[in-house]
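Structure first, then comments.
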Amino acid sequence: MPTDGVTDFELPYQPNQTAYYEHCRKVWDVIPRPNWEEMYFFGLDIGSGSNIFITNGQVDPWRAAGITTLPKGCNPSIVTRTIELGAHHFDLRGAHPLDPPSVTKVRKEEKAHMKRWIQEWKENHRESL
């Protein structure tokens, strides 16, 4: 992501995609796939997916690019939550006694949804188990 030091708080930087790809190939023997998420996770048509739990932290600078609302008519198994006082991936980190109640609540909700999705899958695939 380019930065200019004027409209953001970063040092000016213009990424070199060719050099970045070559570095990834040399170090990890992989080539990045731009737009992979959009191609495999429905892009702007996320409403056609299912069993997705999306969280955004209230104080996460990436929240501006995150999905915070869902399109009308989307599958009800897609859930989005904004975590009050939450940072980037706060809900995915290990629990800590000082975690705010907002993140603890979302973790419980995520777990409940995942358990339900697994149970629904098992019920729909009994013959193949």
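Not measured: the values here are computed from a predicted model.
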Could you tabulate the donor-acceptor pairs under 3.5 Å formed by side-chain atoms of residues 78-85, not counting sequence neighbours?
{"unit_1": "T80", "atom_1": "OG1", "unit_2": "I67", "atom_2": "O", "d": "3.2"}
{"unit_1": "R81", "atom_1": "NE", "unit_2": "E109", "atom_2": "OE1", "d": "3.1"}
{"unit_1": "R81", "atom_1": "NE", "unit_2": "E109", "atom_2": "OE2", "d": "3.1"}
{"unit_1": "R81", "atom_1": "NH2", "unit_2": "E109", "atom_2": "OE2", "d": "2.5"}

With sequence neighbours excluded, residues passing side chain to side chain donor-acceptor pair (under 3.5 Å) with T68: none
Enclosure of L11 CG (heavy-atom neighbours >12, cutoff 6.0 Å): no
Test applied, side-chain contact (heavy atoms from CB on, under 4.5 Å); reference residue, F90; option that passes from N56, V103, V106: V103
Interatomic distance, I52 atom CD1 to N75 atom CG [nearest 0.5 angstrom]: 8.5 Å
Side-chain ion pair, E110 and R107, N-O less than 4.0 Å: no
Taking every non-hydrogen atom, the tightest pair across S77 and N51: OG-N, 2.7 Å
Donor + acceptor pair across side chains of D91, T55 (<3.5 Å): yes
Main-chain N/O of E120 paired to N124 side chain as donor or acceptor, under 3.5 Å: yes
NE2-CG distance between H89 and D60, expressed to the nearest 0.5 angstrom: 8.0 Å
Heavy-atom side-chain proximity of H125 to S128 below 4.5 angstrom: yes
Connected via hydrophobic side-chain network under 4.5 Å: Y20 and W28: no
Closest non-hydrogen atom pair, F53 against W117: N-CH2, 3.8 Å
